[in-house]
Amino acid sequence: METESEPYVRLATLRQLHQVMADMNTARSLADTLQTVADGVVNGLGYELACVNLVRPDGDLVVAAFAGNPAAEALITGRVGSRESWERRLSMGQHWGDLVFIPHTEGWILDDDDVPQWYTDGPAPRFEDEWHPSDRLFAPMYTPGVQGGACGELIGVLSVDRPRNGRLPGAWGREALQMYAFQAAIAISNARLRANMQRALVRLEREQQALRASEESFRQAFEYAPSGMAIAEMGGDQHGRILRTNDALCRLLGRPASAMRRYSFSDLVHPEDIGTLLRTSAEGGRAELRLGRRDGSYVWVSLRNSVVADAADGPRFLLTHVEDIEERKRRELQLAHRASHDSLTGLPNSAELRARLAARLCRRPTHAGALESMDAAYGHPAVFDANGHGFDFPGVAALEAYDHHVHTVSPDEAERDDGTKGLAVLFCDLDGFKSINDRFGHNAGDAVLIEVARRLTRQVRDGDTVARLGGDEFVILADGLGRADAQDLAVRLRSEIIQPIRAEGRAVRVGASFGIGWAHCGMTADEVLKSADERMYVEKRSRPKQHRRAG
């Protein structure tokens, strides 16, 4: 009921509201803000009890703060009421602006819902505007900037009970509670925002700490890795330029880190391995190639690439792992050498000789007459080159296969040497070698074979092949010789071989018989060797036995 002192009550209430609102907005945490809101209802608005029900992320409302009665506070703080029950309450009773008043005459139907509540005792009201112990007054709190439940988002509800003057709030009391609920919503929203920002800052700091720890781990893993590591630019004009290297890679290549930043891997790779490097995929690519050291030598490495993003949608870099495989490659080359070379003399063995010889020969008919049957077999006309040679396979691709092949031809074997150059195959068989083995033992025989191999190798040109076919038989492949050249070479080799050889502390002598064959396309390696072998035996039989050793 309004009284003459009402203006003075309003002024005092405004001062109290100003103080409690200041307290709300200076609270340090969300929990403190909620409790300050509840305390402000009691201290600033003159109610004996106040409860703050806060909307949770799932939509239900939890009792987040209570003021005025420690026993009731202990009883209901933390309890949850369903959103459905709260919406029913807020749709009932009398609406005083945004406030909802449910008189005791209607509130009995709410006694069994799941909204946490308390019960107060007191006498029945004697006047029409007197407060009943079972009356309920709610002040919904909506998102700031919008007043009215029709438009705002509900963030909580203030429940108040028992005004100290014992009367229902008048127009001023209702306005003050509604204004307070509006300011409380602002304070709670700001507190939530601060709490979210604080959590975000904490999370960001933790992420930054984790990132710094990850970067430090990467740096240590990169710097102290036992094998070489490098970071290079990816894309752009400077693609492939080395940006950073670790100590292991600098030691491997004998180059300081400052010098490495002037290169890309294409600058360091062996010229023969450029193609391998270019074929290596940037993402997950792997290759085995040779990198140049500072002293001019090369080292075999296994190079493996992976792409690293500097940041989301940021520049990408190439992380290259470089592993020293020099020892493994050396073993592989040794094994390959053992498989293709004679273990005693170190010369190419029979298999390697045949492979080198076959690489120079193409299997195809060498005159037009041989292609008539091919026309019928393939169902298309035979193809001839400018010299009348035909191809034994169809299609343009087959023709392209011989674009860069230099056909091996045989020098004219007529009495007159017409100057034709070809691939000479000299088949060498030692004379008198068996008697050395029989008289002085296999060690002496091995020493003779080793020395003969050395003398043959010394007498041929770079690029020629000296191979041990087996036993005391050797073969020399010498390209670009005419008939006279090949005969001169055989004489020189025989003269070199017949010189005395030291074996097991004594001087021994062996002779040599040579057969000169000629390789040309259309022959197999075995056919070429057989031809040279037959000519060697012809030459051996043509010489008196007593003169074979002396040549």
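Atoms considered below: every heavy atom in the structure, side chains included; atoms not considered: hydrogens, waters and symmetry mates. All figures in this text were calculated on a predicted structure; none of them were measured in a lab.
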Q) Going through the distances and angles, do E216 and R219 end up as a salt bridge (charged side-chain N to carboxylate O under 4.0 Å, His left out)? A) CA-CA 5 Å; E216 178 61 18; R219 187 192 68 80; 2.7 Å; yes

(Q) If you apply the rule side-chain hydrogen bond (donor to acceptor under 3.5 Å, both in side chains), what do you find for T524 with D526, and how did you get there? (A) CA-CA 5 Å; T524 65; D526 287 335; 5.4 Å; no

If every non-hydrogen atom of [X] is compared with every non-hydrogen atom of [Y], which pair is closest and at what distance?
{"X": "P348", "Y": "V466", "answer": "CD-O, 3.0 Å"}
{"X": "R56", "Y": "D58", "answer": "NH2-OD2, 2.5 Å"}
{"X": "G511", "Y": "I498", "answer": "CA-CG2, 4.0 Å"}
{"X": "Q459", "Y": "L493", "answer": "CB-CD2, 3.4 Å"}

With a 4.0 Å cut-off, would you call [X] and [Y] a salt bridge?
{"X": "R328", "Y": "E323", "value": "no"}
{"X": "E496", "Y": "R454", "value": "no"}
{"X": "R330", "Y": "E327", "value": "yes"}
{"X": "K530", "Y": "E527", "value": "no"}
{"X": "K421", "Y": "D485", "value": "yes"}

Q | Working for side-chain contact (heavy atoms from CB on, under 4.5 Å), residues M260 and L268 | A | CA-CA 10 Å; M260 288 292 291; L268 300 173; 4.0 Å; yes

Modelled atom types, side-chain donor and acceptor of [X] and [Y], under 3.5 Å:
{"X": "D32", "Y": "S29", "answer": "yes"}
{"X": "D431", "Y": "S513", "answer": "yes"}
{"X": "D438", "Y": "S435", "answer": "no"}
{"X": "N305", "Y": "T320", "answer": "yes"}

Euclidean distance, [Y] [atom2] relative to [X] [atom1], rounded to 0.5 Å:
{"X": "I274", "Y": "D267", "atom1": "CD1", "atom2": "CG", "value": "8.0 Å"}
{"X": "R494", "Y": "L426", "atom1": "CZ", "atom2": "CG", "value": "9.5 Å"}
{"X": "F265", "Y": "L303", "atom1": "CZ", "atom2": "CG", "value": "5.5 Å"}
{"X": "H337", "Y": "E352", "atom1": "NE2", "atom2": "CD", "value": "9.0 Å"}

Got [X] and [Y] here, is their nearest side-chain heavy-atom distance under 4.5 Å?
{"X": "L430", "Y": "L449", "answer": "yes"}
{"X": "L469", "Y": "F427", "answer": "yes"}
{"X": "R455", "Y": "Q499", "answer": "yes"}

Q. Which of these, S227, S302, S306, sits in a side chain to side chain donor-acceptor pair (under 3.5 Å) with H321?
A.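 Answer after filtering S227, S302, S306: S227.
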
**Q.** Test: R244 cationic atom under 6.0 Å from F317 six-membered ring centre, within 45° of axis
**A.**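 No - R244 does not lie over the ring of F317 by the 6.0 Å and 45° rule.
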
(Q) Go through it in stages, so that I can follow the logic: the residues are R468 and T345, the test is side-chain hydrogen bond (donor to acceptor under 3.5 Å, both in side chains), and I'd like the CA-CA distance, side-chain angles, deciding distance and then a yes or no. (A) CA-CA 8 Å; R468 184 186 177 198; T345 63; 5.3 Å; no

